[in-house]
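Order of the sequence lines sets the chain letters (A, B, ...), proteins ahead of strands, with each chain counted from 1. Only heavy atoms go into these numbers, but all of them, side chains included; no hydrogens, no water, no symmetry mates.
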Amino acid sequence: MRVWTMLDIRFVRENAEVVKAAMKNRNAEVDVEAVLALDGRRREIIVEVDGLKAERNILSKSIGLMIREGGDPETVKAQVRGMGDKIAALDEEQREVDTTLRKALLYIPNLPSSTTPVGRDETDNPVVRSWGEKTTFDFEPQMHWDLGETLGLFDLERGAKIAGSGFPLFTGRGAKLERALIQFMLDLHTEEHGYTELAPPFMCNETAMTGTGQLPKFAEDMYSISLDGLYPIPTAEVPITNIYGNEILDQALPIKHAAYTPCFRREAGSAGKDTRGLQRVHQFDKVEMVKFTTPEASAEEHEKLTLDAERVLQRLGLHYRVIELCTGDLGFSAAKCYDIELWTAAQEKWLEVSSCSNFHDYQARRANIRYRNEEGKPTFVHTINGSGVALPRLVIAIMENNQNDDGSIELPEVLWPYMGGLKKLV
RNA sequence: GGAGAGAUGUCUGAGUGGUUUAAAGAGCACGCUUGGAAAGCGUGUGUGCGCUUAACGGUGUACCGAGGGUUCGAAUCCCUCUCUCUCCGCCA
C-alpha cells in the first residue's frame, strides 16, 4: 500500500530535527516522534510478513507439484494454513498502522522553503515591491457598496434573499463587468503568457480535495454536497491540479493552465470581519493559473507566475504591492508564497487579490503527480498556482479608485472592448 | 433511473484455480549487421513498499479498474463499488 505522504517519510526519518524546527517556525503543532514510531513499526511488520509470504509462495507451489505427481499434500496444506493465519494477523496490523500513519501525515503542513522569511505572523511579512501610486481625491470618495447600489451594478439584498449574505447578485453593467474582467484576464494569460485555458468541473470529490490539501484539515471551510460526496470548489486550484493525479506525465514541462471558475467558501471563523460589500463573500469569480514544473525550474516559474498576475493589475492601471508571507503566516500546503494586494483609496487599505504559491512536491505527493526526470526515473513534479486574479476585490479597487466626484466610474482602457465600447459607468 | 457489454503492461491483445516467473505482436531502447539507413538477428523494456548496497545493483513482496472475501494457492471463483460503451427512459 502506498502511504500518502505530504512530506517524504524517508526525509522525515533522516531529518527529524529539521522537520521539527520547520513546524515550530510555522507555529504548527506536529508530533514528529509519533510519526517516526509508526514508521518504525510499519517497517518491522513488512519485514516479517514479506518473509512469511515468500515462504508460503514456495510451499503453495510445492503443493501444486505434489498434486500433479499424485502425492498427498494434506500435511503441507495444514502447515501453510497456520502461516496464513499469522500473515492475515500481520496484514491487519499493517493496515491499521498504515491508516494511522497516513492520517497523521495528512495533517502535517509543508516545509517552508529555505528562502521563506522566518516570522511569527502577518506583521512579519516583508513588502517585496510595489507598482503605481495611490489615487488622491479632491472630494469625499464613496465606498463601493454605495457606488454599486447607486449605479445599479449589484444588488446585495436580493442576493441575500435567495442564497444568504455573502452571495452577491450582480446586475446589468455590473454583471457585464464581471464577464469583461474574466475575459480580459483569460485572454491575457492565454495569448500573452502562454497558458492553456481549461474549463473544469466546479465540484470535486474527496480525493481531489485531499490531493491539494484542503482536506482533511480544512473541511469546515468547504461547502459539501454530502449526498453525492462532492465539494463545490473553493478555488480552481483543486480541479486543475488534480487532473493529472496518479499520472506519470509524458509531456514537456512546464505545463501551464489558466481557468475561470466561481469559488465557494464558507469563510467559517471570519464572520463579521471586513464583510461589508464585496470584500469577503461566499461565492466569487476568479481566474486561476496553475503550473506543473520540474523541481529545478519551480523557483523561477513561481516568480514568473507572480509577474503574470501582476501584469493584470498593471494593464488595469491599479496601484498594488507584493508581500511575501513569512513562515508563521504561510498556508498549509505552500512552501513559499507571495500575496498581491490592491490599494483602495476610498477605504485606505490593502485588499488581497492574489496568492501565488510554490508547493514544491507537497501536492504532487498527495495527488501522486510525477514526470520522468533526465534519468527516466519517476519523480514528483512541483506545483505552483496563483490567482490571476480574484474578481470582487478587483472590482472594489476599480470602483473606489476610479470614481469621479459625480459618482461615476472611469473604466480602464483595456476593458473598453470587452464592455462593448463603454468607457465609463454612469 | 432500467437493461446489457466491457475494463489486463506504453499500445493491441491472449489468458475460466497451480512452470503465468502475465503468452503473442507492435512500439521503444541498446547491441550486432551496414558506407549510412531499412530489413534481419539478439538483448532489454512497468509501478509501489521493504531489506541490502558507498554506488551500479541485488533481493523479497504487492499490483491485471477499486475495495473486500473464498482457498494451501486467485488475473481467473464470490460480494460491493467506480468508470467506459450500447440501448431504453427522463431532460437543457
**Item:** side-chain contact (heavy atoms from CB on, under 4.5 Å), paired with A:Leu181, selected from A:Val389, A:Ile398, A:Leu186, A:Asp285
**Value:** A:Ile398
**Request:** Can you spot which of A:Glu237, A:His189, A:Lys256 makes a side-chain contact (heavy atoms from CB on, under 4.5 Å) with A:Met289?
**Result:** A:His189
**Asked** What's the NZ-P distance between A:Lys61 and B:rC72, to the nearest Å?
**Response** 18 Å
**Phosphate-side-chain proximity, A:Asn57 and B:rU61, N/O vs OP1/OP2 below 4.0 Å** = yes
**Request:** Sticking with atom P, work out how far B:rC78 lies from B:rU70, rounded to a whole angstrom.
**Result:** 15 Å
**Prompt:** What's the CG-P distance between A:Asn246 and B:rG48, to the nearest Å?
**Reply:** 12 Å
**Request:** Quickly work out the A:Arg95 CZ to B:rU61 C1' distance and round it to whole Å.
**Result:** 15 Å
**Asked** Hey, does the side chain of A:Arg370 come within less than 4.0 Å of B:rG48's phosphate (OP1/OP2), counting only N and O?
**Response** yes
**Asked** Are the side chain of A:Gln363 and the backbone of A:Thr212 linked by a donor-acceptor contact shorter than 3.5 Å?
**Response** yes
**Request:** Calculate the interatomic distance between A:Asp8 atom CG and B:rC49 atom P; express it in whole Å.
**Result:** 9 Å
**Message:** With a 4.0 Å cut-off on N to O distance, would you call A:Arg81 and A:Asp85 a salt bridge?
**Reply:** no
**Prompt:** Which is true for A:Leu65 with a 4.0 Å heavy-atom rule: it touches a base, it touches only sugar-phosphate, or it touches nothing?
**Reply:** nothing
**Message:** Please give the distance between the P atoms of B:rC79 and B:rG89 as a whole number of Å.
**Reply:** 30 Å
**Item:** Among B:rU61, B:rC72, B:rG46, the one nearest A:Asp50 by side-chain distance
**Value:** B:rU61
**Asked** So what does the secondary structure string of RNA chain B come out as, 5' to 3', with Watson-Crick or wobble pairs under 3.5 angstrom, [ ] for crossing and | for pairs with another strand?
**Response** ((((((((.[[[..)..(.....]]]((((((.......))))))(((((((....))))))).[[[[[..)....]]]]])))))))....
**Pairwise C1' distance, B:rG18 and B:rG13 [rounded to whole Å]** = 24 Å
**Request:** Using the C1' atom as the reference point in each nucleotide, state the distance between B:rA29 and B:rG69 in Å, no decimals.
**Result:** 42 Å
**Out of B:rG50, B:rU47, B:rG73, whichever nucleotide has its closest atom nearest the side chain of A:Arg13** = B:rG50
**Request:** Could you check how far CD1 of A:Ile369 sits from P of B:rU47, rounded to whole Å?
**Result:** 18 Å
**Message:** Can a donor-acceptor pair be found, under 3.5 Å and without considering hydrogens, that links the side chain of A:Ser387 to the backbone of A:Ser354?
**Reply:** no
**Asked** Would you find a donor on one side and an acceptor on the other, under 3.5 Å apart, between the side chain of A:Asp339 and the backbone of A:Glu352?
**Response** no
**Message:** Using whole Å, what does the distance between atom P of nucleotide B:rU82 and atom CD of A:Glu206 come to?
**Reply:** 15 Å
**Message:** If I pick the C1' atom on B:rU71 and the same atom on B:rU10, what distance separates them, to the nearest angstrom?
**Reply:** 34 Å
**Request:** Send over the distance from A:Leu59 CG to B:rC72 C1', rounded to a whole Å.
**Result:** 9 Å
**Asked** Does any N or O in the side chain of A:His382 come within less than 3.5 Å of the main-chain N or O of A:Ala297, such that one atom is a donor and the other an acceptor?
**Response** no
**Nearest-Å distance once atom P is located in both B:rU45 and B:rA39** = 22 Å
**Prompt:** Any sub-3.5 Å donor-acceptor pair from A:Arg42's side-chain atoms to A:Asp98's backbone N or O?
**Reply:** no
**Request:** With RNA chain B as reference, determine whether A:Arg81 or A:Pro378 sits nearer its 5' end, using the nearest nucleotide of each.
**Result:** A:Pro378
**Prompt:** B:rG50 phosphate, OP1 or OP2: any side-chain N/O from A:Arg42 under 4.0 angstrom?
**Reply:** yes
**Request:** Would you indicate, yes or no, if B:rG50 has its OP1 or OP2 atom less than 4.0 angstrom from a side-chain nitrogen or oxygen of A:Arg43?
**Result:** no
**Request:** Report yes or no: does A:Asn242 contribute a side-chain atom to a donor-acceptor pair with the main-chain N or O of A:Ala208 at less than 3.5 Å?
**Result:** yes
**Item:** Spacing between A:Glu375 atom CD and B:rA29 atom C1', to the nearest angstrom
**Value:** 16 Å
**Request:** Give A:Val47 one of three labels, base, sugar-phosphate or nothing, depending on what nucleic acid heavy atoms sit under 4.0 Å from its own.
**Result:** sugar-phosphate
**Asked** Which comes earlier along RNA chain B counting from the 5' end, the contact point of A:Ile63 or that of A:Val49, where each point is its nearest nucleotide?
**Response** A:Val49
